[in-house]
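One structure is given here, and the rest of the page talks about it.
Numbered from 1 within each chain, the chains take letters A, B, ... in sequence-line order. Computed from a predicted model, the values in this text were never measured in an experiment.
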Amino acid sequence: MPELPEVETIRRQLAPRVAGTVIEDAEVLDPLWCSPADPAAVEAQLRGRRIEAIGRRGKYLILALEGERFLVMHLRMTGNLLWIARDDAVNNPYLRFRLALEGGDSLQFVDLRRFGTGVVVDGRESLDPYLDSRLGPEPLDQSFTPDVLRSQAAGRKAPVKAFLLAQDRIAGVGNIYADEALFRARIHPLKPAGRLRRDQIERLHQGIREALEAGIESFGASIDRYRDSNGARGSMQDRFLIHRREGKPCPRCGATIVKIRAAGRGTYLCPRCQRAPARSA
DNA sequence: CGCGCAACCTGTCTGC
DNA sequence: TGCAGACAGGTTGCGC
């Protein structure tokens, strides 16, 4: 569900509203949300702290608190982080975590499938290893060049689709934007990542960026549960070129879009634009 | 270390 | 209609 564009949308919305405010109260309603940590301990670590900034790394959303303390959250499949104005009554059965903010507004972590997580990390020297051990380069950073992509893919025998989903290779790309990027690059999802030619790497680099940027421009994709911090849907699902368009015509050549399974995930492609890799053996 | 897959959890859709 | 099974956008841990 929430991939880089969706998390970035939430970050941009929340930044002006919560930066500078104090957390008056923190409530972990589902112990699974912060397991294996003790919910009461997590609540105590957050209570009374001022929020200095809100950041993102890959699909992680990070509240930077005073005193170099960080609340690192992940929405996983069905998580939403909602900003609720004071006096707005909300009774959501899937509420897992809540921050009451100075002034009466609140942040509410709502998550049907309960995969979403939150963890408190103390000190920049702890935060960076936490993130960097899990995440590869940020695909929208200036420093993410075709050469970086090529070195990340070098030697990989796994299908390029699996490669794009591996967060320690490239941060923030999920199932939706992997399909969109591969279509833009005209690369078959089952092509081994390490066997991409230089021109294919160039196209994939551009495809990743264009797909993610389109997602951000459209405020994310709301196929199912995803909502932004206002509870509103994004519109990227209306701009999909290939994802979830099985049986429809390819926007480039008109051939019928097919669905296959790659890296264990539903994967959509144009059989004419994205030619199957040559079978070895 | 690389890779594939089951598991985590709940709701919804599909096919018999 | 009812129900079992598959599937859903993510990540982790385990086995090979």
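With both pairing distances under 3.5 Å, B/dC9 is matched to nothing as a Watson-Crick or G-U wobble pair.
Looking at which nucleotide of DNA chain B each of A/Ala158 and A/Arg114 is closest to, the 5′-most match is held by A/Ala158. In terms of position along DNA chain B, the nucleotide closest to A/Arg156 lies nearer the 5' end than the nucleotide closest to the other residue of the pair A/Tyr94 and A/Arg156.
The side chain of A/Lys59 contributes an N or O atom lying less than 4.0 Å from OP1 or OP2 of C/dT11. For C/dT11, neither phosphate oxygen OP1 nor OP2 lies less than 4.0 angstrom from any side-chain nitrogen or oxygen of A/Tyr60. A/His74 has no side-chain polar atom (N or O) that falls below the 4.0 Å cut-off from OP1 or OP2 of C/dG10. Between C/dG10 and A/Arg265, a contact under 4.0 Å exists linking OP1 or OP2 to a side-chain N or O. OP1 or OP2 of C/dT12 sits under 4.0 Å from a side-chain N or O of A/Arg134. A sub-4.0 Å separation between OP1 or OP2 of C/dA8 and a side-chain N or O of A/Arg261 is present.
In summary, A/Arg57 and A/Asp132 engage in a salt bridge, as defined by a charged side-chain N under 4.0 Å from a carboxylate O. Using a 4.0 Å cut-off between a side-chain N of Lys or Arg and a carboxylate O of Asp or Glu, A/Arg69 and A/Asp122 qualify as a salt bridge.
Of the candidate nucleotides B/dC8, B/dT10, C/dT12, B/dT10 has the atom lying nearest to any side-chain atom of A/Leu112. Of the candidate nucleotides B/dG4, C/dA8, B/dG2, C/dA8 has the atom nearest to the side chain of A/Arg244. With B/dC3, C/dT11, C/dA8 as the choices, the nucleotide that has an atom nearest any side-chain atom of A/Lys259 turns out to be C/dA8. In this structure, of C/dA8, B/dC3, B/dT12, it is C/dA8 that holds the atom nearest to the side chain of A/Arg113.
Residue-level contact check: A/Arg96 touches neither bases nor backbone, having no heavy atom under 4.0 Å from any strand. Residue A/Pro93 is classed as having no contact, given no heavy-atom separation below 4.0 Å to the nucleic acid. Within 4.0 Å of A/Leu32, counting heavy atoms only, lie sugar-phosphate atoms of the nucleic acid but no base atom. A/Ala263 comes within contact range of no nucleotide atom at all, as no heavy-atom separation falls under 4.0 Å. Among the protein residues, A/Gln167 comes within range of the sugar-phosphate backbone only, with heavy atoms under 4.0 Å from sugar or phosphate atoms but none that close to a base. Nucleic acid contact class of A/Gly174 (heavy atoms, under 4.0 Å, all strands): sugar-phosphate only.
The CE-C1' distance, from A/Met77 to B/dT12, rounds to 13 Å in whole Å. Look at CH2 on A/Trp33: it is 17 Å from P on B/dC9, rounded to the nearest Å. Distance A/Asp111 CG to B/dC9 C1': 9 Å, rounded to the nearest Å. Across the protein-nucleic acid pair, A/Leu75 atom CG and B/dC9 atom P stand 19 Å apart, rounded to whole Å. Between A/Ile223 atom CD1 and C/dC7 atom P the separation is 17 Å, expressed in whole Å. Residue A/Arg76 contributes atom CZ, which lies 15 Å from atom C1' of B/dT10 at whole-angstrom precision. Between A/Glu3 atom CD and C/dT11 atom C1' there is a gap of 13 Å when expressed in whole angstrom units. As a whole-Å value, the separation of A/Arg225 CZ from C/dG10 C1' is 16 Å.
Taking the C1' atoms as reference points, B/dA6 lies 15 Å from C/dA6, given to the whole Å. Comparing C/dC3 with B/dC9, their P atoms are spaced 25 Å from each other, to the whole Å. Atom P of B/dG11 sits at a distance of 22 Å from the matching atom of C/dT1, rounded to the whole Å.
In the displayed structure, A/Phe219 atom CZ is contacted under 6.0 Å by at most 12 heavy atoms of other residues, nucleotides or ligands. In this structure, A/Gln206 places its CD atom where only 12 or fewer heavy-atom neighbours from other residues, nucleotides or ligands lie under 6.0 Å away.
Proximity of A/Asp30 to A/Phe97: side-chain heavy atoms (C-beta onward) are nowhere separated by under 4.5 Å.
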- Task: Would you please test A/Met73 and A/Ile62 for side chain to side chain contact (heavy atoms under 4.5 Å, CB included) and show each step?
- Result: CA-CA 6 Å; A/Met73 292 177 280; A/Ile62 304 159; over 6 Å; no
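To the nearest 0.5 angstrom, A/Gln13 atom CD is 10.0 Å from A/Ile54 atom CD1.
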